[in-house]
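Below is one structure, written out as structure tokens, with a few remarks after it.
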Amino acid sequence: MPDVPDPYDFLPDVPSFTVTSQDIAEGARLADLHASAFFEVDGGEDVSPQLSWSGFPQETKSFAVTVYDPNAPTGSGFWHWAAYDIPVSTTSLPRGAGAKDGGAMPAAAVMLSNDAGYRGYVGAAPPAGHGTHHYYVVVHALDVESLGLPDGSTPGFLGFNMFFHTLARGRLVAAYSID
């Protein structure tokens, strides 16, 4: 499988900040609990990873969190999770915050439907034998308290709107494959 360009290379350069996780590490394989039960991956539980962030610009007014796989054989990648309007006072999300009920998300936050068709986090599920997929776990620092997106917005539409409001972004890139 050919290498896929970094999807953020196509966006304007912005400063970066630190994103850490108790569950994932840069370049490391995702644990099976972060793989997909929805797509029947052995050991998959569709549990979003714990995330923490710091060092973002003082002008930040809200955050968005996205998880994206550019290696998916779709021509457009695959959105595993997208949430926005996360208050600036929130600097971490617990493991499982991306559950369908959204119970561990801040009250103001909005989760969009992932590419599996439901609101919340869907875990890694690359096709067997398709090689290693890369999961871009990104926290976006935004210059507005609310993006005000209409109900039914997609992660792609979120990305388009963040284009105009991103002050900085921090990220971790994890990997997963099914041989």
Side-chain angles (χ1 to χ4, degrees), residues 5-31 33-34 46-71 77-100 102-115 119-124 133-149 153-176:
D6 181 326
Y8 292 94
D9 284 349
F10 300 100
L11 298 175
D13 271 339
V14 295
S16 64
F17 57 93
T18 302
V19 175
T20 60
S21 175
Q22 298 167 358
D23 296 324
I24 59 175
E26 181 69 27
R29 185 180 191 278
L30 289 170
L33 80 143
H34 305 301
D46 293 313
V47 174
S48 61
Q50 182 279 335
L51 299 172
S52 297
W53 53 92
S54 61
F56 49 86
Q58 279 188 310
E59 314 80 76
T60 302
K61 295 185 179 172
S62 71
F63 298 102
V65 173
T66 57
V67 178
Y68 177 70
D69 170 9
N71 302 114
F78 194 94
W79 290 99
H80 288 263
W81 192 23
Y84 68 97
D85 286 358
I86 298 169
V88 71
S89 59
T90 300
T91 58
S92 67
L93 294 173
R95 177 184 301 135
K100 289 180 185 180
M105 292 294 288
V110 178
M111 284 199 297
L112 299 176
S113 290
N114 56 48
D115 281 345
R119 290 177 192 248
Y121 172 86
V122 62
H133 283 215
H134 299 88
Y135 298 85
Y136 285 73
V137 179
V138 181
V139 179
H140 311 262
L142 306 176
D143 66 0
V144 293
E145 287 182 21
S146 176
L147 287 170
L149 302 183
S153 292
T154 64
F157 190 67
L158 169 64
F160 177 78
N161 281 274
M162 287 192 306
F163 176 87
F164 303 101
H165 296 286
T166 299
L167 297 169
R169 70 179 66 90
R171 71 184 197 182
L172 290 170
V173 181
Y176 197 83

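Throughout, residue positions are numbered sequentially from 1 according to the sequence presented. What you see is a predicted model, and the numbers here were worked out from it, not measured in a lab.
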Picking from Tyr136, Trp79, Trp81, Phe78, what satisfies ring pair (Phe, Tyr, Trp, His ring centres under 6.0 Å) with Tyr68? Trp79
Qualifying residues under side-chain contact (heavy atoms from CB on, under 4.5 Å), relative to Ser54, sequence neighbours excluded: Thr18
Which residues pass the side-chain contact (heavy atoms from CB on, under 4.5 Å) test with Phe163, sequence neighbours left out? Leu11, Pro12
List for me each residue that meets salt bridge (Lys or Arg N to Asp or Glu O under 4.0 Å) alongside Asp23, sequence neighbours excluded, and say none if there are none. Arg95
Applying salt bridge (Lys or Arg N to Asp or Glu O under 4.0 Å), can you list everything that pairs with Asp143, at least two apart in sequence or on another chain? none
Please confirm whether the backbone N or O of [Y] pairs with a side-chain atom of [X], one donor and one acceptor, at under 3.5 Å?
X      : Y      : value
Gln50  : Pro94  : no
Ser153 : Leu149 : no
Asn161 : Phe157 : yes
Asn71  : His134 : yes
Ser48  : Gly98  : yes
Asn114 : Gly120 : yes

With a 4.5 Å cut-off on side-chain heavy atoms, are [Y] and [X] touching?
X      : Y      : result
Met111 : Met105 : yes
Lys61  : Val88  : no
Val65  : Val138 : no
Arg171 : Val139 : no
Leu142 : Thr60  : no
Tyr135 : Leu172 : no
Pro49  : Tyr121 : yes

What closest approach, in Å, do [X] and [Y] show between heavy atoms, and which atom pair accounts for it?
X      : Y      : result
Phe17  : Ala141 : CE2-CB, 3.8 Å
Pro106 : Thr90  : CG-OG1, 3.6 Å
Ala168 : Val14  : CA-CG2, 3.8 Å

Over 12 non-hydrogen atoms of neighbours within 6.0 angstrom of CD in Glu26: yes
Atom CG of Asp13: over 12 foreign heavy atoms under 6.0 Å: no
Looking at residues at least two apart in the chain, or sitting in another chain, which of them share a side chain to side chain donor-acceptor pair (under 3.5 Å) with His140? Thr66
Partner residues of Ser113 under the side chain to side chain donor-acceptor pair (under 3.5 Å) criterion, sequence neighbours left out: none
Under the criterion side-chain contact (heavy atoms from CB on, under 4.5 Å), I'd like the reasoning laid out for Val173 against Val137: C-alpha separation, chi angles, the key distance, then a yes or no. CA-CA 6 Å; Val173 181; Val137 179; over 6 Å; no
About how many Å separate [atom2] of [Y] and [atom1] of [X], when rounded to the nearest 0.5 Å?
X     : Y     : atom1 : atom2 : value
Ile86 : Ser92 : CD1   : OG    : 10.5 Å
Ser21 : Trp53 : OG    : CH2   : 11.0 Å
Leu51 : Ile24 : CG    : CD1   : 6.0 Å
His80 : Leu30 : NE2   : CG    : 9.0 Å

Would Ser62 and Asp85 satisfy side chain to side chain donor-acceptor pair (under 3.5 Å), going step by step from the backbone distance to the final call? CA-CA 6 Å; Ser62 71; Asp85 286 358; 4.8 Å; no
Would a line drawn from the ring center of Tyr84 to the ring center of Phe63 be shorter than 6.0 Å? no
